[in-house]
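Lettering of chains follows the sequences in order, A, B, ..., and the numbering in each one begins at 1.
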Amino acid sequence: MVTLSRKFSTTAIPNPSKLLQRHLQSTTTTHIFIPFSQLQQRKLFESHLISVLHGCTHLTQIKQVHAHILRKGLDQCCYVLTKLIRMLTKLDVPVHSYPRLVFHQVKYPNPFLWTALIRGYATQGPFSESVVLYNRMRSEGTGPVSFTFSALFKACGAVLDVSLGRQVHAQTILIGGFASDLYVGNTMIDMYVKCGFLECGRKVFDEMSERDVVSWTELIVAYAKCGDMDSARELFSGLPVKDMVAWTAMVTGYAQNGRPREALDCFQRMQDSGVKTDEVTIVGIISACALLGVAKYANWVRDVAARYGFGPSENVVVGSALIDMYSKCGSVEEAYNIFEGMKERNVFSYSSMIVGFAMHGRAQAAMQLFHEMLKTEIRPNKVTFIGVLTACSHAGLVEQGRQLFATMEKCFGVARSADHYACMVDLLGRAGRLEDALELIETMPMEPHGGVWGALLGACRIYGNPDIAQIAANHLFELEPNGIGNYILLSNIYASARRWDDVSRLRILMREKGFKKNPGCSWVESKEGVVHEFFAGDMNHPQSSEIKRALADLLDRLKAKGYQPNLGSVTYDLSDDEKKRILMNHSEKLALAYGLLSSDAGCTIKIMKNLRICEDCHAFMCSASQVIGREIVVRDNMRFHHFSDGACSCGNFW
DNA sequence: GTAGGGTTAG
């Protein structure tokens, strides 16, 4: 662990006369005896060099300016050399090479030159070197400036070392009151927040004598990141001057916390207040629309982005967000159009597209794109592998999935996480290899999380295995004590196995815990773009009698084609007639009937649902797609099902 | 010198 030198923790003030002497030497070594008028000229020349350096975009340019600096005898001029080092590190020249060399050629570096180097390490790492340099700077009698502390906080934030951060904090107070400096305060807030000590960041904020919009925004983002949008909103409302970045932080915060309507409201207010919009704001509202999953909003936001000049071909981040949004709004084709039209692609664009294909059951397309990606210089990351493993899983490609899982670390340098194990459990489980899946969990090198056991429980539902289900569920009850879905899933598995005693035992347990079943809800967009919502057994819709009639007609036609209600999907021990009635009242069937009434012939009917689609509704949709000759897309809480011509894209695995 | 962005499995 790196610490600040102990001897500076209390008595840190160096000998001033020595410091002054060094300072004079270091800033004016080459022209200390130059007459005043020439000195003025020299200063002008130095300023000129600074602006030239500022405009440099390539290393070769900087080298030319450096050669010029040396020719003019400014090899000891800290002012110019500081800028030189800053530009070098800005261009990602490794700080240990050229910048460090420049630094070592100066006999008496001033605090700014030291800080340029410290900052270089704070940006590139190794971060501990920043502290080592700081200690050396102090031991050589040079006092810090406010920039020095900003750089040190940056380094502490990068290594998430709050104890070191606290030592630096103490130094800002001990040495000349740096703690009251605005920038020092801001970087300190950032450091505490990055290290996960939000309250400490808040305390710094509360105690700052001067704050600016950056201080506020840092905290707003921190609250949003930990899901506390109420505190974020409260701070934001007290922010005197709200700029584009602060507004965007709010919009994005709502989107990241799954509150799309508030994100869009916030965007509206942002526009009303006359603040500009840039591509970052656009990305925020795109993710909000992805959460809504409604085509109308998807097209609206795409137009907004285009109006501001941030289309998918101009900006790779906007493009990747649009790919994700269209996938989540049910249009994987549109997502692929975006992908194809992008000038620049990166691992996000590829991964979003691969995940999109996987979500829609297009396993072959996902695998093909993965192999196309491998031909480029873009390397897959952990999310890419989640995408391809999920694709394999949904298509039953067990061997391909196992191969990828086996080689991801060795061949692609992507470490296997618990999430990847969850994908493998899902893969084996869906293929019916429940024991293999259980064995894989038992040999995991890390603790299995809820996703891993959840995948096994899901597989037990497909294959009706209440015994392994019980093992998985027991782990889940411990890991996710408030996860009502796990109780319901286990109860359904028991019900399918007609173990009614276990069903009622669980039901009592759930009642004791105060759980209430989340009501099933589906929604469908009418051709006017209005979203209609249906709950199970819901007869509140103005056209409810027409809906009921349409559903009864459809049922008759399906029965004629051989559809039989799947009574096992009802988890109550009721009469068969009662079960049939309950099944016909499932919200997605009501939504389908309304979709039929309210859309043009030939159009795809898109339904969204808050829970997982049940087996009976799945079979119903399959059959309906054939009888009515139309594609039906259902997005449940897990994935997309494309029903067409009597079959589903999920291949009956979900 | 400081603040806001895209992909994640049951």
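For A/Glu279 and B/dG6, a side-chain-to-base donor-acceptor distance below 3.5 Å is absent, hydrogens and geometry of angles not being considered. For A/Ser352 against B/dT7, no side-chain N or O and base N or O form a donor-acceptor pair under 3.5 Å. One donor-acceptor pair, N or O on each side, does fall under 3.5 Å between the base of B/dG6 and the side chain of A/Asn346.
As a whole-Å value, the separation of A/Met244 CE from B/dG4 C1' is 8 Å. Atom pair A/Trp247:CH2 and B/dA3:C1' shows a separation of 16 Å (rounding to whole Å applied). Distance CE (A/Met250) to C1' (B/dA3): 14 Å, rounded to an integer number of Å. Atoms CD1 (A/Ile286) and P (B/dG5) sit 14 Å apart, rounded to a whole Å. Per the geometry, CG belonging to A/Asn465 stands 19 Å off P belonging to B/dG10, to the nearest Å. Straight-line distance from the CZ atom of A/Phe477 to the P atom of B/dG10: 19 Å, rounded to whole Å. In this entry the distance linking CG of A/Asp212 with P of B/dG1 reads 15 Å, nearest Å.
For the pair A/Tyr183 and B/dG1, the ring geometry does not qualify as stacking, because the centroid separation below 5.5 Å and plane angle under 30° are not jointly satisfied.
Note on ring orientation: taking the six-membered ring where Trp is involved, the planes of A/Tyr487 and A/Phe477 are parallel (angle under 30°, cut-offs 30° and 60°).
A/Asp228 is linked by a side chain to side chain donor-acceptor pair (under 3.5 Å) to A/Ser231, counting only residues two or more places apart in sequence or in another chain.
Nearest nucleotide to the A/Ser351 side chain, out of B/dT7, B/dA9, B/dT2: B/dT7. Here the nucleotide nearest the side chain of A/Lys328, chosen from B/dT7, B/dA9, B/dG6, is B/dT7.
Side-chain contact, A/Tyr192 with A/His169: a donor N or O sits under 3.5 Å from an acceptor N or O.
Between A/Lys194 and A/Asp190 there is a salt bridge, since at least one side-chain N of the basic residue sits less than 4.0 Å from a carboxylate O of the acidic one.
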